[in-house]
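Remarks on the structure that follows.
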2 protein chains.
Amino acid sequence: MTEKQEKILEAALKLFAEKGYAAVSTNKVARAAGVSEGLIFRHFTNKEGLLEAIKQQGMEKAQSLLGSMVMREDPKDVLRGILAFPFNIDKEEYHYWRLMYALKWQAEKYDHSMSHPMRKIAADAFKALGYADPDAEAELILIIIDGLATAELLRRPQNMEAVRHTLFSKYEL
Amino acid sequence: MTEKQEKILEAALKLFAEKGYAAVSTNKVARAAGVSEGLIFRHFTNKEGLLEAIKQQGMEKAQSLLGSMVMREDPKDVLRGILAFPFNIDKEEYHYWRLMYALKWQAEKYDHSMSHPMRKIAADAFKALGYADPDAEAELILIIIDGLATAELLRRPQNMEAVRHTLFSKYEL
DNA sequence: TTATTTTGAGTAATTAATCACTTACTTTTT
DNA sequence: AAAAAGTAAGTGATTAATTACTCAAAATAA
């Protein structure tokens, strides 16, 4: 990975996340990266190839994040782990997650590969805890995480700690 | 409102919701509406004016929807009312809500005018029910509604009725 | 007729993508 | 070691297509 390749990916991620994939031209990406426009196509074939490279880059981050959740043996620890995600989106991951969530709304580009294993993990945890409908509980918790992440990425509410406390109380965590 | 004006709005709403505002050209809107491209600019000034017309059209629908929630006097009925929203998005409103939710991710275009009054209504209901932290509960319920609507608009999970039941149980509704 | 709506050809700017070409390193050959 | 050959990174001018938008003329309605 060249220094200029990284510059391109970095600039494209930021611009795509802030303005939206379709609204950002390859010209703007090149200017933001301090690179000739042609170089983008040399390295990433076309504009969509650039997007795919960003997505794959982020998938690796997400994979390691997911891995740390499965490890725990105590089901309450598992739930604590997956519910903590929206509250722990740090600076360097911010643009990536914002882009991923924005792309969900852009037709075909939606990817379930992340939520599917997480749903299974959550369902197993709820079952171990004796919940009446573990599958529905798992579905609900994923939906809530989605909402929490959206709020964090878009509005950054100031009372998120209170929200976190309120939510954790409902699951006795 | 001319017949062709409505055709334009209808086609634009559908395309913007499905493909995204930036990814849809005025040419495509015109073709989908069976209308000349120039007519769009006669009626709506420019592309953004077309978007604004769609948004305002939907704001009126949202307004009446919101109005029916405030009416109720029983706080549990209020909560039932606002929590029911994501489960009752019908065909004709589908494209509008999908567009609104997608636009939230498109930078400047985010509009809080809908969620603010709803947060107040929810907080009052939770306070009346004696909840410990009504403001945090209200924030959380809005976040959950956001997640539920997203799931309904994007994935249409088959077990939404079970999810609904699980959620309502948590609030004893 | 007079006024309004609608068209379709036109514009300048921007788009994604390609092109021939230069530069900087390696590798291979002598 | 020096020379030659090969390779990958990078540029910037250029392409054809598409973009949002305009306008004079035609169709339609009043």
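Hydrogens, waters and symmetry mates are skipped; everything else that's a heavy atom, side chains included, is used. Each chain gets a letter, A, B and so on, in the order its sequence line appears, and its residues count up from 1.
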Inset, instruction - Take B:Arg42 and B:Asn46, find for each the nucleotide of DNA chain D with the closest heavy atom, and name the residue whose nucleotide sits nearer the 5' end. - result: B:Asn46

Inset, instruction - Can you establish whether the number of heavy atoms outside B:Lys14 located under 6.0 Å from its atom NZ is more than 12? - result: no

Legend entry - Residue A:Thr2, side-chain atoms from C-beta onward, closest of D:dT19, D:dT11, D:dA9: D:dA9

Inset, instruction - Indicate, with a heavy-atom threshold strictly under 4.0 Å, whether A:Val29 touches base, sugar-phosphate, or nothing. - result: nothing

Inset, instruction - Calculate the interatomic distance between B:Lys4 atom NZ and D:dA27 atom C1'; express it in whole Å. - result: 10 Å

Legend entry - side-chain hydrogen bond (donor to acceptor under 3.5 Å, both in side chains) involving A:Lys127 - partner list, sequence neighbours excluded: none

Legend entry - Side chains of B:Tyr131 and A:Thr166 in contact at under 4.5 Å (non-hydrogen atoms): no

Legend entry - Value in whole Å for how far the P atom of D:dG10 lies from CD of A:Gln5: 7 Å

Legend entry - For atom CD of B:Glu37 and atom P of D:dA20, their distance in whole Å: 7 Å

Inset, instruction - Extract, from 5' to 3' on DNA chain C, the first and final nucleotides lying under 4.0 angstrom from some heavy atom of chain B. - result: C:dT5 to C:dG8

Legend entry - N/O donor-acceptor pair under 3.5 Å between B:Thr2 side chain and B:Gln5 backbone: no

Inset, instruction - Whole angstrom is fine here: how far is it from CZ in B:Phe44 over to C1' in D:dC21? - result: 16 Å

Inset, instruction - Mind telling me whether B:Trp105 and A:Tyr101 have parallel, tilted or perpendicular rings, with 30° and 60° as the class edges? - result: parallel

Legend entry - Presence of A:Ser36 side-chain N/O under 4.0 Å of D:dG12 phosphate oxygens OP1/OP2: no

Inset, instruction - Verify the distance criterion only: is there a donor paired with an acceptor across the side chains of B:Glu37 and B:Thr26 at less than 3.5 Å? - result: yes

